[in-house]
Number of protein chains: 4
Amino acid sequence: MVRVVKEYDERRTEILETAERLFLEHGYDETPVELIIKEIGIAKGTFYHYFRSKNELLDAIVDILIDEVTTTIKKLTEEKEGDAIVKMFRVSSYFRTLAIGKERLTDYIHEERNAHIHFKIEKKVTPPLVDCYIKLIEQGIEEGIFNVKYPEETALALVGAAEGLSEGHHEHANREKIDQRKIVAALDIYGRILGVREGLMTEYMMKMEGY
Amino acid sequence: MVRVVKEYDERRTEILETAERLFLEHGYDETPVELIIKEIGIAKGTFYHYFRSKNELLDAIVDILIDEVTTTIKKLTEEKEGDAIVKMFRVSSYFRTLAIGKERLTDYIHEERNAHIHFKIEKKVTPPLVDCYIKLIEQGIEEGIFNVKYPEETALALVGAAEGLSEGHHEHANREKIDQRKIVAALDIYGRILGVREGLMTEYMMKMEGY
Amino acid sequence: MVRVVKEYDERRTEILETAERLFLEHGYDETPVELIIKEIGIAKGTFYHYFRSKNELLDAIVDILIDEVTTTIKKLTEEKEGDAIVKMFRVSSYFRTLAIGKERLTDYIHEERNAHIHFKIEKKVTPPLVDCYIKLIEQGIEEGIFNVKYPEETALALVGAAEGLSEGHHEHANREKIDQRKIVAALDIYGRILGVREGLMTEYMMKMEGY
Amino acid sequence: MVRVVKEYDERRTEILETAERLFLEHGYDETPVELIIKEIGIAKGTFYHYFRSKNELLDAIVDILIDEVTTTIKKLTEEKEGDAIVKMFRVSSYFRTLAIGKERLTDYIHEERNAHIHFKIEKKVTPPLVDCYIKLIEQGIEEGIFNVKYPEETALALVGAAEGLSEGHHEHANREKIDQRKIVAALDIYGRILGVREGLMTEYMMKMEGY
DNA sequence: CATGAATGAGCCTTCATTCAT
DNA sequence: AATGAATGAAGGCTCATTCAT
């Protein structure tokens, strides 16, 4: 057997990335450690040299993702430039980018076999996300573009509504065509929740690039 | 080694109910068939006499629950008496009753180990629920109490927002006190999404019993 | 694969006996469950159908042996016929029979790799054995053939001395020749410990058959 | 990743002492090499630089202990001053000191998980111990204080009896109170085995310090 | 309708040891 | 003399499912 020696961090990252991919492909329970090590070309013992258990590996993967997401949305929220709506667009845009970057993470995540991971992520991502929205809502109120009575609940509802709307997407086959209409509808609803002047959300959308 | 003979349906129901309880208690994967049969006091073979596989059993459990829910909310939606808001209150009320009846089903369901079941139920309950909401929204529009542009998306957003708000509940410790405020806030937000005259939702709430 | 069905007790005994043999041959740690099941011709699952773990199997084996031994020596002690010395000879004789019957159990047991089992057995056999000796010593005192001040300690010392003497045996190569001398010496020593008239033990030995 | 360089013997001793402690604490099989090196703060390779295998390490530990014991009891036996009984007391006293010095070695050693070590030590310590006793018995015969027919067997029995009596100790809870009686009883029995005038052993005990 | 012994693939994990650096 | 990444055989155990009775 050829013995390939790598530095600790490099190998660790290799395992993390390979496992993330395989977990998303086949699901956590359906991915034996055996498969992970064969894919990389290392021995069983090597795997356990880096992670005490398969579950600890999952936790590490999830934690990395959570950290990444939390850090980014916090940064986007606390940026100086941009009003509340612009920032919301940016946060929302980031999530879409993430979904694409993670090779259709969202698609995979919505499969039953990944319920485990889905759950773990959602549970940890939602709180910081709600925090960001609360801050953005408060900013929007100060700026006079939002009219909200209950910031916290509004944030919760907003996140929930967004999820509900995106889940709806997953059902339809010909997404392309519908998308345009969906987006306009979604913006209308977000606008209502935030007490924004009618049509304002759409105007922002038109102005913004990459949305 | 006592051989207890029961009628087909009785035994089947016994298995279904025992399994539902155990799945919720320990999670699906962590509940061996062994445990189910010991709890009931039947043999392995008997189990497989009624269900081809453990997974089919889960499907059966979920389907029963789904059927129950779907039928009820359809009935509540299609009832002659009551305007759109009243019916929405009824549907929402039904879900709360359900949660209590299933012995804090929702609490259990929000534990990580039940992600599997949670997922299956949510995936199947959401579409009919959205359908009901679409119909109620259309009714409300006709009645002139709702002002909604995109009924389908609004329904999706409404269901999502409701879930988001109720999930938020699960975090807080002293639920009792907060509840009142939460409800008022939620109604405010639902009212916005549905384009209802401000304060109208709260007025309905005051009039209705058991809400 | 041919599926051979046996009754619970029969199969259980089969596993117990096979495992006992293999444990003594190769040692507990060096006997994989795999080997046991291959020897019998059953599947892994079958093994775990009868014993929750490999260790539980060992406990069962040891317990059976202990029970057998304890019951027998109690019976020999409480028999009506025979004075204290005769009974001691019988007990001692039983142990020798046992050793032979168990296919040189004692030899195996004195190998390092069986330290585990040896320990477990010794720890459990000694107390009832000491109890028996205490009773026999008291009987002998009543019969006026023993002269003992401290029955309990004498019992402990007797068991220890016997073990010490028999351990000594295991060192020597040409056992046959030495045996006669060893026995006479041992009897002399036992006689001293028990405060028996000099030569009396040897007289008993001559009279007894099969010793 | 600090590289601490030590002299060969110092490091070797460090490993030996750490391993001895860990083996007694957790048992040989339950102490991975990993634990030993982490405790010391060295790398895997370093360990194998000093010992070819884990088992060789155990042998080294046991050998050191054996050597120490063997040398000491030989010295005590061959000393000019003191008659046979006095010397026996000294040997016995040394064993007790040893037990205390090794931080309740005997307690640990009587736990099942240490059967392995117990066995190895006993097997190697007994022969030289018996040799010493043989010599002491011969000395006692010459001095006219012992009356023994079979020196070798008597030695074996004596060692066995001593062990039997001390094992008995391990059972009782309130050792303190019983000890005095136990010692007197033990001396009575040793006296019988050695053919010593009644009461002589106790007289020696009274005269000796620290016993 | 019921029993429960039997199956066996497959899983996670451990750990003594090797070897390139 | 020291490091620590890499090895891989081996082991105990789980559990959904089958099938003879």
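Note that this is a predicted model, so its numbers are computed, not measured. Letters A, B, ... are given to chains in the order of the sequence lines, protein chains preceding strands, and every chain is numbered from 1.
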Problem set entry | Nucleotide E:dA2, atom P - distance to CZ of B:Phe51 in whole Å |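 Going from CZ in B:Phe51 over to P in E:dA2 covers 13 Å.
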
Exercise. Can you tell me how far C1' of F:dA16 sits from CG of B:Leu58, to the nearest Å?
Worked result: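 These atoms are roughly 14 Å apart.
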
For the atom pair [atom1] ([X]) and [atom2] ([Y]), what is the distance rounded to the nearest 0.5 Å?
| X | Y | atom1 | atom2 | result |
| --- | --- | --- | --- | --- |
| B:Glu20 | B:Glu25 | CD | CD | 11.5 Å |
| A:Asp59 | A:Arg52 | CG | CZ | 12.0 Å |
| C:Thr18 | C:Phe23 | OG1 | CZ | 10.5 Å |
| A:Ile61 | A:Leu58 | CD1 | CG | 6.0 Å |
| C:Ile64 | C:Thr13 | CD1 | OG1 | 7.5 Å |

For this session: For each nucleotide in nucleotides 14-21 of chain E, reading 5' to 3', give B when a protein heavy atom comes within less than 4.0 Å of its base, S when such contact involves only the sugar-phosphate, and - otherwise.
Result: BBSBBB--

Exercise. Excluding sequence neighbours, so at least two apart, what forms side-chain hydrogen bond (donor to acceptor under 3.5 Å, both in side chains) with C:Asn55?
Worked result: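 Once residues adjacent in sequence are excluded, the partners of C:Asn55 under the side-chain hydrogen bond (donor to acceptor under 3.5 Å, both in side chains) criterion are C:Tyr28.
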
Is there a side-chain contact between [X] and [Y] (heavy atoms, below 4.5 Å)?
| X | Y | value |
| --- | --- | --- |
| B:Ile36 | B:Leu22 | yes |
| D:Arg11 | D:His49 | no |
| D:Ile42 | D:Ile15 | yes |

For this session: Kindly determine whether B:Val125 and B:Ile66 satisfy side chain to side chain contact (heavy atoms under 4.5 Å, CB included), including the steps that lead there.
Result: CA-CA 6 Å; B:Val125 162; B:Ile66 298 320; 3.4 Å; yes

Problem set entry | Closest non-hydrogen atom pair, D:His26 against D:Glu30 |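 Shortest heavy-atom contact: O-CB, 3.2 Å.
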
For this session: Please report the shortest heavy-atom distance between D:Ser53 and D:Tyr48, naming the atom on each side.
Result: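 So the minimum-distance heavy-atom pair works out to CA-CE2, 4.1 Å.
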
For this session: Look at the side-chain N and O atoms of B:His49 and state whether any lies under 4.0 Å from the OP1 or OP2 oxygen of E:dA2.
Result: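 Result: no.
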
For this session: Please work out which residues in residues 35-43 of chain C have a non-hydrogen atom less than 4.0 Å from an atom of DNA chain F and list them by number.
Result: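 Heavy-atom contacts with DNA chain F come from no residue of residues 35-43 of chain C; none.
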
For this session: Using a cut-off of strictly less than 4.0 Å between a heavy atom of the residue and any atom of DNA chain F, enumerate the qualifying residues of residues 6-15 of chain A by number.
Result: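 Only A:Lys6, A:Tyr8, A:Arg11 qualify.
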
Exercise. Using a cut-off of 4.0 Å on non-hydrogen atoms, how would the nucleic acid contact of D:Tyr50 be classed: base, sugar-phosphate, or nothing?
Worked result: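 D:Tyr50: backbone/sugar contact only, no base atoms under 4.0 Å.
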
Problem set entry | Residues that A:Tyr8 engages under side chain to side chain contact (heavy atoms under 4.5 Å, CB included), provided they are two or more places apart |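 Only A:Arg12, A:Tyr50 meet the side chain to side chain contact (heavy atoms under 4.5 Å, CB included) criterion with A:Tyr8.
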
For this session: Tell me the stems DNA chain E sits in, counting at least three consecutive Watson-Crick or G-U wobble pairs, each under 3.5 Å on both distances.
Result: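 In DNA chain E, stems of three or more pairs: E:2-21 with F:2-21.
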
